Amino acid sequence: FYLTPSQVNSILKANEYSFKVPEFDGKNVSSVLGFDSNQLPANAPIEDRRSAATCLQTRGMLLGVFDGHAGCACAQAVSERLFYYIAVSLLPHETLLEIENAVESGRALLPILQWHKHPNDYFSKEASKLYFNSLRTYWQELIDLNSGETTDVREALINAFKRLDNDISLEAQVGDPNSFLNYLVLRVAFSGATACVAHVDGIDLHIANTGDSRAMLGVQEEDGSWSAVNLSYDHNAQNEREVERVKMEHPKSEEKSLVKQDRLLGLLMPFRAFGDVKFKWSIELQKRVVESGPDQLNDNEYTKFIPPNYYTPPYLTAEPEVIHHRLRPQDKFLVLATDGLWETMHRQDVARIVGEYLTGVHHQQPIAVGGYKVTLGQMHGLLTERRARISSVFEDQNAATHLIRHAVGNNEFGTVDHERLSKMLSLPEELARMYRDDITIIVVQFNSRVIGAYQNEE
Amino acid sequence: AARMFLRLLSDIQWRAAHPRWRRMTGSQRSTSTTAEPHPVSLPAQAQVVICGGGIMGTSVAYHLSKMGLKDIVLLEQGRLAAGTTRFCAGIVSTARPVSVELKMAHYSNKLYQQLQQETGVQTGYMKTGSISLAQTQDRLISLKRIASSLNVMGIPCEIISPKEVLKLHPLINIHDLVGAMYVPEDALVSSANVSLALATAASRNGVQIHERTCVSHVTIQKGRVTGVETDRGRIQCDYFVNCAGQWAYELGHSGEEPVHIPLHACEHFYLLTHPLKDPLSSSLPTIVDPDGRIYIRNWQGGILSGGFEKNPKPLFTEGRNQLEIQNLQEDWDHFGPLLGALLRRMPGLEALQIMQLVNCPESFTPDMRCIMGESPTARGYFVLAGMNSGGISYGGGAGKYLAEWIVNGYPSENVWPLDLKRFGTLQSSRTFLRHRVMEVMPLMCDLKVPRWDFQTGRQLRTSPLYDRLDAQGARWMEKHGFERVKYFVPPGSDLLDLDHSKTFYKPDWFDIVGSEVKCCKEAVSVIDMSSFTKFEISSTGDQALESLQYLCSNDLDVPVGHVVHTGMLNEKGGYENDCSIARLSKRSFFMISPTDQQVHCWTWLKNRLPDDSNLVLEDVTWKYTALNLIGPRAVDVLSELSYAPMTAEHFPSLFCKEMSVGYANGIRVMSITHTGEPGFVLYIPIEYALHVYNEVMNMGQKYGIRNAGYYALRSLRIEKFFAFWGQDLDAFTTPMECGREFQVKLDKGLEFLGQEALWEQKQNGVYKRFTMFILEDHDTDLDLWPWWGEPIFRNGRYVGKTTSSAYSYTLERHVCLGFVHHFDEKTGEELVVTTDFINQGEYEIDIAGQRFQAKAKLYPFSSLFTQRRRKDEVELSGYQRE
């Protein structure tokens, strides 16, 4: 039994989303042309999340992928809340005052973000009040702290990440009188999520990464070929610096137990994450919260389980590593993706597939017969093969979908094998997770013309 | 490689055959403009200057010089036959669906055949025949239709079985074929050499040919050509002929007063191979496989195969200045599907070695027909271009017609389908052309079923009611850029999508149109007919009346408020226009003409009206929305809306009055419907259009009003034997030949255009007669439907062709209209057609090779007319148009 190509397509395309930066007067003056995003679930429900928004009170665009573990609650909360924290961190003092005054006097708020959401990307209505109050406390503190300095994007990103994680932790400790919300904030805190967020403003690209999702820049070389530049470091056991950091933060006596089987305390793959209070709180705090928490939490073996060799918490942080990159005309696109993609594909292949997709088939080297002896049959065979390679490109209107098609369906020759693709997609829910992980991808396309103009101005 | 190929393909032998045609140093192909001395300086003046030394320019020069014109100059910016002509595949094919194109190709074939003997230049003429293959039954039907028209022209042609195909061409895979059409006299030529042969003959007849002479622009004064400016000086001339091929558009726009020539180039690919092991015979027929989108001819022992892909590549949209076409880049990926089709058709060629993939630009036009004729804005400025890849087939005939046009004032055939004036400026947008030619090029191979429409370049001109009608289920067709309703799909009814509704049989809208017709007959329908061309002619004195009396065959000196149906005839009495004219006041007239007359009629009038500032001609087409209220209850709707009595006593037929409808004032109401049914046409100033439409629809509810479209209109007018201009009537048809003598006032006491010719016909009789045919043994559900162009047989002998047809829902029969000739049985000479000749014959109509019995009638069924009619519109009161 195989899925038909159209069934395969409807699965692959179910979550695809595209956004084009609106043109003004026939011209797009933004350094971003737009983005394509998509996700393919392996878990049921999917634990990955994605977000994209335009900052309305400052310039720039925010895009992020979030990979949840131990449930999707934390990834969901981070996907809803993190961009507000970043946007607020970036706001100048006057704007913060204006917003606070508006809230105080019950006037309409200035919109902070314009979201670019797929219909399936939901926001929790129930928690919005709670989330808003936490956010408001944050900007009130920012107002009080008024340093008078212009906001540095790097700092803003780091502060926003840390603050949100802190709020998640606090909300879980304080609890909520509403039992639904109470359970929600606990689920958020006890589950975890990595985050890889891009902030693009003109030619300034900042990547803030926490965990093992990854940001990669697609660069077109002068000869037209494609290469990949990493704009984030994975926070996992394969990253020696990261292992070093963890070891530095804990007594030497724990050195052996800190990282086991490439996992933090032998349990956790990412070395940085939101939530996951089991790796952050003291044992006492964990026990207190779980015991006073609702029954569902108490009955959950996972939440009650204290990691082994748990002596000097916190073992985990949400603090991101921030990389700044000044965009050049040859930087054509940015790929943000959860580890589900990077497990199956090398970044060099990702760069090539997206690059060829975005520039279209025309950049495939044309065939010239020249003086060679070629028969009609040989030429026909060659052309048929080239068309097959291209046809997979034509099926997709979305670069992220195209990447997923390759990630799931690629055979050993690097071309999409329909049979394989069909098999992978028809796996029953309980088996899917064994063959593949959730995949979430955002492909941001840059506007080389505008970027070139920026460069010339300098 | 391109250079070598050129030598191989055309084997051009440059001959300095004539002292006046001296060439630059022969072997150099450098296009650099080094100051080479031109051996012969340009003349200061000439009668005709032709720009373009391709097949078209040389053919025009050849024919003009043959017709005795001496003072002709041909200018070529590069070298002769160096443009598209050089790369032409050289297939002379007569299988053309449009009758005039077929005649041109037939003539070309005969011309090329004797050209080598006439000129001594080797043309490579080889009569190979051609085979058009059908992979589907529908394709076979379309081939059979063409075969029918070839046969009655006397061109040998037969429908053959796949097995017979194999006998004629052993390499063909016939497993997927249902049949084919064999035209044994089709030929192959070297197109560049044909062009050179024509140039040689022209040169001998006195035509001066100058290569490397670039026309920068044409000078026009007071609407007339006065000369050409070239990079080598100025030539004064009376006539200029733009044969610049794909550069014709740019050349037309180079002057101060642009001449719009709507064509656009697309890349066209074909493949050349090395010879087969057993080289192919040069007499092997050419294969056309339209379902595979390819053609294949033998070439130097190997093959030449090209095609018309689904996804053409338009080029030079922004214009481009280059002298000769260099071979453009080969694009194998683009050619892939065509190569696949070739190998499917001739699997044995797998091992054949490729020589080259040739890519050359071809010009295409918005309606797939070539462009010829005089510019509507500049007299003496002629155009012949836009061959839609049929250049070599049309070249001879097209050049002949254009030469006749210049010398005699009009060609010897009706070339309206090809006339430049069928286009307006609106088809001249580069964006429009780019999009349209991308549709036109694939159409070369697509199956063309009755009533197909272009899909690109639409919604250009629309009525203000467009959105309202569209929301009510309107399906649209386009005429002269104007969107017109075909019919309305009732809510909930499920029509086939476009691809599946293509049929030669009963179409899926049959019942829909039937109910619209019924509503016209029994209640009242409204049709938006805003696309009609509307002119106003007024003057301070009697100039308007006097001019119209001279230009029209009917008497226009009627009381104010009367509407007159009249032809505007040429000297030979043929219809240049067929219109209704309302006398608005003593000194002003309102003229309504067919939609596609907008440019032609304007030019016809402009060129003939006296140059008098007190006589004003204005095009008011855009100012009025026209609503046609058809049906017995139209009178009730209108009288309720206007509080005015609309009965026959107060508002007789063929009457025009300004009145208010609803709140809107100044609506021109005319008691004509163009269908023979009772009713009115409302000419509404456009700002009132929506209001009046809403009022009419609201008021009409209780009378059962509904929207209707042009298909219903056509069925109504054809069953009443109404002819319309452009389809049934043309410049070669007189009122006497279509039973419209009552619209001609030979004795109106004034001279009018065409009068003499009509007098003569009245005395001597006519040589063709417009006749209505009722199909007798035709099963509407199961048989092929007639369209137009079907041969008519009388007592088994061919006598003419149909010009239009429709199903009559009242007669429950198909009605075909067409012309009957009387050819002498022995000599083929045309004889006078008498009423007896028409009435005493057994008729058959040939639809795709199948003959159906038909009853001929010279008068419509009086039972179809529900209304008592005014005396002067008895019988064929109508003129009709679509």
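Fair warning: this is a prediction, and the values are worked out from it, not measured in the lab.
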Heavy-atom side-chain contact between A:Thr375 and B:Glu350 under 4.5 Å: no
Hey, could you give me the NE2/CZ distance between A:His380 and B:Phe335, rounded to the nearest 0.5 Å? 10.5 Å
To the closest 0.5 Å, what do you measure between CG (A:Leu382) and CG (B:Leu339)? 10.5 Å
Could you tell me which portion of B:Pro337 (side chain, backbone, both or neither) has an atom closer than 4.5 angstrom to a non-hydrogen atom of chain A? both
Value for CG (A:Leu376) from CD1 (B:Ile303), rounded to nearest 0.5 Å, stands at 6.0 Å
Any chance CG of B:Asn311 has more than 12 other-residue heavy atoms, nucleotides or ligands included, within less than 6.0 Å? yes
Would you say CZ of A:Arg59 has more than 12 non-hydrogen atoms from neighbouring residues, nucleotides or ligands within 6.0 angstrom? no
Taking the side chain as C-beta and beyond, is there a heavy-atom pair between A:Met379 and B:Ile354 under 4.5 Å? yes
For B:Leu349, which atoms come within 4.5 Å of any heavy atom of chain A: side chain, backbone, both, or neither? both
